[in-house]
**Q** 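This is the structure I want to talk about, given as structure tokens.
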Amino acid sequence: MRNLLPLISSHPGGRSALTCRFRCGDACFKETPNTSDNEYAGDIIARAVSRRSMMRAAAVVTVAAAAGTAALTGPNAPQAEAVALAGHGHEPPRKPAPSGARGLRFSPVAPNKNDKVTIPDGYSQNVVIRWGEPILRGAPAFNPDKQSAKAQAGQFGYNNDFLSLLPLRGERGRQVLVANHEYTDEILMFRGYDPANPTREQVEIAWAAHGLSVVVVQEEHRTGKLGPVSRHPLNRRLTAMSEFRVTGPAAGSPLLRTSADRTGRKVLGTLNNCAGGTTPWGTTLHGEENFNQYFANGNTDMHKRYGIGTGATERKWERFDRRFDLAKEPNEANRFGWVVELDPYDPDSTPRKRTALGRFKHEAAQPRLTSDGRPVVYMGDDEKFDYLYKFVSSKRMKKGTSRAAREHNLTLLDEGTLYVAKLTGDSPAAEIDGTGKLPTDGEFDGSGVWIPLATGTTSHVPGMTADEVYVYTRLAGDKVGATKMDRPEDVEPSPRTGRVYVALTNNSDRGKEGKAGADEANPRNANKHGQILELAENWDDPAGDGFAWRLFLVAGDPNDPATYFSGFPKESVSPISCPDNVAFDDHGNLWISTDGNQLGSHDGLFGVATHGDRRGELKQFLTVPTGAETCGPVIQDRRVLVAVQHPGEVDGASVEKPASIWPDGPGKIVRPSVVAVWRKDGRDIGV
């Protein structure tokens, strides 16, 4: 057996301390916000065996295949859970064919520490757009020594994360690129930055570097190269100072009112936008994640539940705008932590914060339609021991591009029911020992229920009003006994099978004294590498209240017995650590970007087959430069896009002492950027 790959860091998640400091406010080093005593999944598992037959008889789920889906009923129902999630665990190892799964036929990139974007042989790349490139009319060219808030408000923002590419009718070779800008790292943005005494100018530049960018991109003929179309009428910047509209059942709630907005319906800015989604009706969704770190002087138990500190913030914004000081504006933090919906085709529209989808550290929001056309949005709360959610709309999407259809579809996410997940394992508790060893049935699996939290103005949580459920959604999850997970991040339903894939990045606190121990959905204590959960809704009905689940992938070094790749031979897969953003290609392969790789390599992008004989075959497609994270993958037939976030973000680095020379070489400031990759021969990716 080969030796295990070395761990590269003892820091939680493998990130640098600098990244933790600016990205999430050192959340890993603070008390876990979820101190509730609701049942752990491990407690539930102890009772699972006696109920196993009953649950399996009740869990009638889908058999999803390339040709379609079918439901099991009648005498086959007791086997439905096993059949619906068949394809790993009980099978003998499969000998891979040389060509690989369709869509994954490339030579995998080896783990490395190259200070560049490393891609497979036979592929080319280009930087699509960098931080600071002008996209609005009148915006100047980027000059790192002459930055201003006015200039940045017209330039591409900092630390690009989620990406969406949308069609642009009538303009050949052009598409609309939408990007999140999660956070700023002022140490890498400004020469001579003094963290204890930021200037107003630096703070205002940072406000302008947050938010969202919309920019039309042009394809180069005969290649996959993309470049921005500056000053296009659709180009747009939304910042920490832009106006956003609050909609849905909590809009106007006293919990959302401040001295500057006594209506509770208008918010300035969107912050820490991480992953998101693209809707079937042509809008984009953007999750506000680690918003807690921007607010000073938290003084309530609810502030603590959301991870808001009691003192000053890292960036000291509260010195320059009172709304970031909760001692002065206690409700301002309640106006962040939502899913934002943006219409990229209407540059005059006001983006909307959708309260019906709940408030927590949103990592993602990717819709799927029910058979009758109602959107269902799956969402993760990116915190150790927090929860998995979904929202089911009560309205049907209208097809077409008419004004009436578009106006109707912009109301779909304001009415419906918000749910939280409770998972039950089907193996004896003694078999889940915290090492990641498979139980005797050969897989980590079980069933689950969606617990309703609120529908419109009706709360389903005893002791909480509907407004409280939406604004304090974490507390609602605590009260109903939701399952504590290992940092649920991006959540994506497969457009091919309908199964839902949940990236659980890691949880270094799992199994510590006073913390939840391993359970079947989170089977490793001190979980450094994370896992991916696969969920099949009963009857393939995303609006239903029950599901079957199993672990599709348990990440880490393939030579480690605690790793698992759906039964695919582990000597034939790439090592992977800390799955984060995910996306699908047209072949049904899941593409996974990582954040905090702990296996001696830079972060990267991986493709893995989810069905067929090669299910579990995982290959690394690229790696990103020193200090960077791979974000926002977009997988098209002939192009892959990734957001290279926080390159050079290494402990001790600064503008004066850069840890990376990417993307522009020595002597140039390090700049987060979007990269496109394509095949040199012009053919489809991986075929």
Side-chain angles (χ1 to χ4, degrees), residues 60-62 64 68-71 164 166-167 169 245-251 276-287 338-346 349-358 362 364-379 388-421 449-460 466 469-470 491-500 535-547 584:
V60 182
V61 293
T62 62
T69 59
S164 180
L166 297 143
R169 295 183 180 88
R245 179 181 166 194
V246 182
T247 68
T278 303
T279 71
W281 53 94
T283 62
T284 52
L285 304 178
H286 309 268
W338 305 101
V339 170
V340 174
E341 184 170 13
L342 170 69
D343 184 351
Y345 296 107
D346 183 358
S349 62
T350 301
R352 309 176 190 198
K353 298 196 177 189
R354 302 298 194 183
T355 62
L357 276 62
H362 281 278
Q366 181 56 51
R368 172 191 180 193
L369 295 179
T370 63
S371 59
D372 63 354
R374 291 175 293 140
V376 176
V377 183
Y378 296 93
M379 304 168 287
L388 173 66
Y389 298 86
K390 79 172 179 180
F391 167 81
V392 181
S393 177
S394 60
K395 292 185 175 182
R396 299 178 183 180
M397 186 186 86
K398 288 187 177 180
K399 296 181 180 180
T401 58
S402 68
R403 181 175 179 179
R406 197 147 188 86
E407 289 180 351
H408 169 81
N409 292 338
L410 286 172
T411 69
L412 292 175
L413 301 184
D414 282 339
E415 296 180 20
T417 300
L418 179 65
Y419 298 86
V420 69
V449 294
W450 293 109
I451 303 172
L453 299 178
T455 304
T457 58
T458 301
S459 168
H460 304 300
V469 169
Y470 295 119
V491 187
E492 296 274 335
S494 168
R496 186 185 183 97
T497 66
R499 296 180 187 173
V500 179
L535 181 156
E537 298 272 20
N538 291 357
W539 297 100
D540 193 29
D541 177 11
D545 60 4
F547 57 89
F584 281 93

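Values below: every heavy atom of this structure, side chains too, minus hydrogens, waters and symmetry copies. Along the sequence shown, the residues carry numbers beginning at 1.
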**Q** For Thr284 and Ser164, test the side chains for any donor-to-acceptor distance below 3.5 angstrom and give the result as yes or no.
**A** no
**Q** So do Val449 and Asp545 actually touch side chain to side chain, heavy atoms under 4.5 Å?
**A** no
**Q** Of all the heavy-atom pairs spanning Tyr470 and Gly456, show the shortest one and how long it is.
**A** OH-O, 2.7 Å
**Q** Do Ser394 and Arg374 pair up side chain to side chain, a donor and an acceptor below 3.5 Å, judged on atom types alone?
**A**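 The criterion, which ignores hydrogens and geometry beyond distance, is not satisfied for Arg374 and Ser394.
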**Q** Give the minimum heavy-atom separation between Ala251 and Val246, together with the two atoms involved.
**A**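 What the structure gives for the nearest pair is CB-O, 3.4 Å.
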**Q** Can you measure from NZ (Lys390) to CH2 (Trp450) and round to the nearest 0.5 angstrom?
**A**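 Between atom NZ of Lys390 and atom CH2 of Trp450 there are 5.5 Å.
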**Q** Quick one: list whatever passes side chain to side chain contact (heavy atoms under 4.5 Å, CB included) with Ser349, sequence neighbours left out.
**A**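 By the side chain to side chain contact (heavy atoms under 4.5 Å, CB included) rule, Ser349 matches Arg236, Asp343, Asp346.
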**Q** I want to check something: taking the side chain as every heavy atom from C-beta on, are Pro280 and Pro375 in contact at a cut-off of under 4.5 Å?
**A** no
**Q** Do Leu413 and Leu285 have side chains that approach each other closer than 4.5 Å (heavy atoms only, starting at C-beta)?
**A**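 Yes, close enough: below the 4.5 Å cut-off.
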**Q** For Ser393 and Leu412, indicate whether the former's side chain and the latter's backbone hold a donor-acceptor pair under 3.5 Å.
**A**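 Here the side-chain-to-backbone pair exists.
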**Q** Picking from Arg354, Glu341, Arg352, Lys353, what satisfies side chain to side chain donor-acceptor pair (under 3.5 Å) with Thr247?
**A**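 Running side chain to side chain donor-acceptor pair (under 3.5 Å) over Arg354, Glu341, Arg352, Lys353 with Thr247 returns exactly one hit, Arg354.
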**Q** Just by modelled atom types, is the Gly498 backbone N or O under 3.5 Å from a matching donor or acceptor in the Arg368 side chain?
**A**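 Confirmed, Arg368 side chain pairs with Gly498 backbone.
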**Q** Quick one, Leu166 and Tyr345 - any side-chain contact, counting heavy atoms below 4.5 Å?
**A**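 Yes, their side chains come closer than 4.5 Å.
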**Q** Please check this pair: side chain of Lys395 against backbone of Asp414, looking for a donor-acceptor N/O pair closer than 3.5 Å.
**A** no
**Q** Nearest heavy-atom pair of Thr417 and Pro452: which atoms, and what distance?
**A**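 Looking at all heavy atoms of both residues, the closest pair is CG2-CB, 4.2 Å.
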**Q** Rounded to the nearest 0.5 Å, what separation is found between the CE atom of Met397 and the CG atom of Leu369?
**A**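 So the gap between those two atoms works out to 5.5 Å.
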**Q** For side chain to side chain contact (heavy atoms under 4.5 Å, CB included), just list the numbers for Phe391 and Val339, CA-CA rounded to whole Å, side-chain angles, deciding distance to a tenth of an Å, and then say yes or no.
**A** CA-CA 11 Å; Phe391 167 81; Val339 170; over 6 Å; no
**Q** If you look at every heavy atom in Thr411 and Glu407, which pair is closest and at what distance?
**A**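 Heavy-atom minimum between the residues: CG2-O, 3.5 Å.
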**Q** Compare every heavy atom of Thr497 with every heavy atom of Ser494, then report the nearest pair and how far apart it is.
**A**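 That closest heavy-atom pairing would be OG-N, 3.2 Å.
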**Q** Starting at CD1 of Ile451, measure out to CG of Leu418 and round the result to the nearest 0.5 Å.
**A** 11.5 Å
**Q** Taking the side chain from Gln366 and the backbone from Val377, do they hold a donor-acceptor pair closer than 3.5 Å?
**A** no
**Q** Between His362 and Val340, is any pair of side-chain heavy atoms under 4.5 Å apart?
**A** no
**Q** Evaluate the side-chain proximity of Thr455 to Tyr419: yes if any heavy-atom separation is below 4.5 Å, no if none is.
**A** no
**Q** Do Pro249 and Thr355 make a side-chain contact, defined as non-hydrogen atoms from C-beta onward lying under 4.5 Å apart?
**A**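 Pro249 reaches Thr355 side chain to side chain.
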**Q** Is the side chain of Asp372 donor-acceptor paired with the backbone N or O of Arg396 at a distance under 3.5 Å, no angle test?
**A** no
